[in-house]
Amino acid sequence: MKYFIISDIHGSASACERALNQFEKMKCDAVILLGDVLYHGPRNPLPDAYEPKAVIEMLNPLAGKIFACRGNCDSEVDQMVLKFPMLSDYTYVVDDGARIFASHGHVYSPAEESEDIPVVGGSKIPQVTGTAVELFGHIHVQLLYKNKAGITVCNPGSVSLPKNDSPAGFAVYENRGITLYDINGKEQKRLHV
């Protein structure tokens, strides 16, 4: 399977459309959506083309291909209009025996933080035997590294409201490899899991 990993759409129809164009262009099989789908949140500016209803219309046809988790800006009312489950604090995907732990990052944080890795907050990600990848969003900054336990940690950044000079972007997981891209499909970094 080829997984398209995005986070922090925040209701931007233009960002969602650009991301889904890359999903199609890269011939991905499924989407791992790391939360903050429809609402921009009180700390963020309004994103370009803020149209949550348009985002709903773009995502719902892909409902059977989306694995999602709740972000800090997602709520029960969002679940009422989205046709895929998205209120869990995390989800697991298993691909060819590799466990992929996906969360937004506000409840569960990566297992390791350092001076290069921003503090996210929340509890540490539950360590489950066989976990190969930890995915999180929330901070709107692209990150890709291996922690001391050998687990690959990835943040795809935000497709709509990137921060700290990070590009708007996404990640792709396939064949035990993960790659960060900017929103135009330019490769930023790659790691083998």
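This chain uses plain numbering: 1 for the first residue, then up along the sequence. What's counted below: heavy atoms across the whole structure, side chains too, no hydrogens, waters or symmetry copies.
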Worksheet item: Can you check ring-ring contact (aromatic ring centres under 6.0 Å, His included) on Y50 and H40, steps first, answer last?
Response: CA-CA 8 Å; Y50 181 64; H40 64 88; 5.1 Å; yes
On a heavy-atom basis, which atom in [X] and which in [Y] lie closest, and how many Å separate them?
X    : Y    : result
Q142 : P167 : OE1-CG, 3.4 Å
E51  : A13  : CB-CB, 4.0 Å
E134 : I151 : CG-CG2, 3.7 Å
P45  : L161 : O-CD1, 3.9 Å
A102 : C69  : O-SG, 3.9 Å
P156 : A171 : CB-N, 3.8 Å

Would a distance-only check, ignoring hydrogens and angles, find a side-chain to backbone donor-acceptor pair under 3.5 Å from [X] to [Y]?
X    : Y    : answer
S88  : T91  : no
S160 : I9   : yes
D182 : G185 : yes

Please answer: with hydrophobic residues joined when any side-chain heavy atoms are less than 4.5 Å apart, are [X] and [Y] in the same cluster?
X    : Y    : value
V31  : V37  : yes
V93  : F84  : no
F4   : V55  : yes
M1   : F23  : no
I139 : F170 : no

Practice prompt. Using a strict cut-off of less than 4.0 Å between a Lys/Arg side-chain nitrogen and an Asp/Glu carboxylate oxygen, indicate whether E187 and R190 qualify as a salt bridge.
Written response: yes
Worksheet item: Between D29 and K2, is the closest basic N to carboxylate O distance under 4.0 Å?
Response: no
Nearest 0.5 angstrom please: [X] [atom1] to [Y] [atom2], how far?
X    : Y    : atom1 : atom2 : result
Y181 : K189 : OH    : NZ    : 14.5 Å
C28  : L62  : SG    : CG    : 11.5 Å
R70  : H104 : CZ    : NE2   : 9.0 Å
L38  : S12  : CG    : OG    : 11.5 Å
I5   : Y173 : CD1   : OH    : 9.0 Å
L191 : R176 : CG    : CZ    : 14.5 Å

Using a 4.5 Å cut-off on heavy atoms from C-beta on, say whether the side chain of [Y] contacts that of [X].
X    : Y    : result
Q188 : K186 : yes
I32  : I6   : no
D96  : E174 : no
C154 : L143 : no
N60  : L82  : yes
L33  : L59  : yes
L34  : F136 : no
D74  : M86  : yes

Worksheet item: Counting only heavy atoms not in K53, do more than 12 sit closer than 6.0 Å to its NZ atom?
Response: no
Worksheet item: Should the heavy atoms of other residues, nucleotides or ligands under 6.0 Å from NZ of K83 be counted, would the total exceed 12?
Response: no
Fill in: Reference residue H140; test side-chain contact (heavy atoms from CB on, under 4.5 Å); the match among V159, N44, N155
N44
Practice prompt. Examine Y90 together with F101 and report whether their ring centres are nearer than 6.0 Å.
Written response: yes
Worksheet item: H10 and Y39: aromatic ring centres closer than 6.0 Å?
Response: no
Worksheet item: When you check the side-chain N and O atoms of D48 and S14, is any donor under 3.5 Å from an acceptor?
Response: yes
Practice prompt. Could you give me the CA-CA distance, side-chain angles and deciding distance for V94 and I100, then say whether side chain to side chain contact (heavy atoms under 4.5 Å, CB included) is met?
Written response: CA-CA 6 Å; V94 179; I100 302 168; over 6 Å; no
Discussion item. Run D8 and H138 through side-chain hydrogen bond (donor to acceptor under 3.5 Å, both in side chains) and show every step you take.
Written reply: CA-CA 7 Å; D8 298 280; H138 188 54; 5.6 Å; no
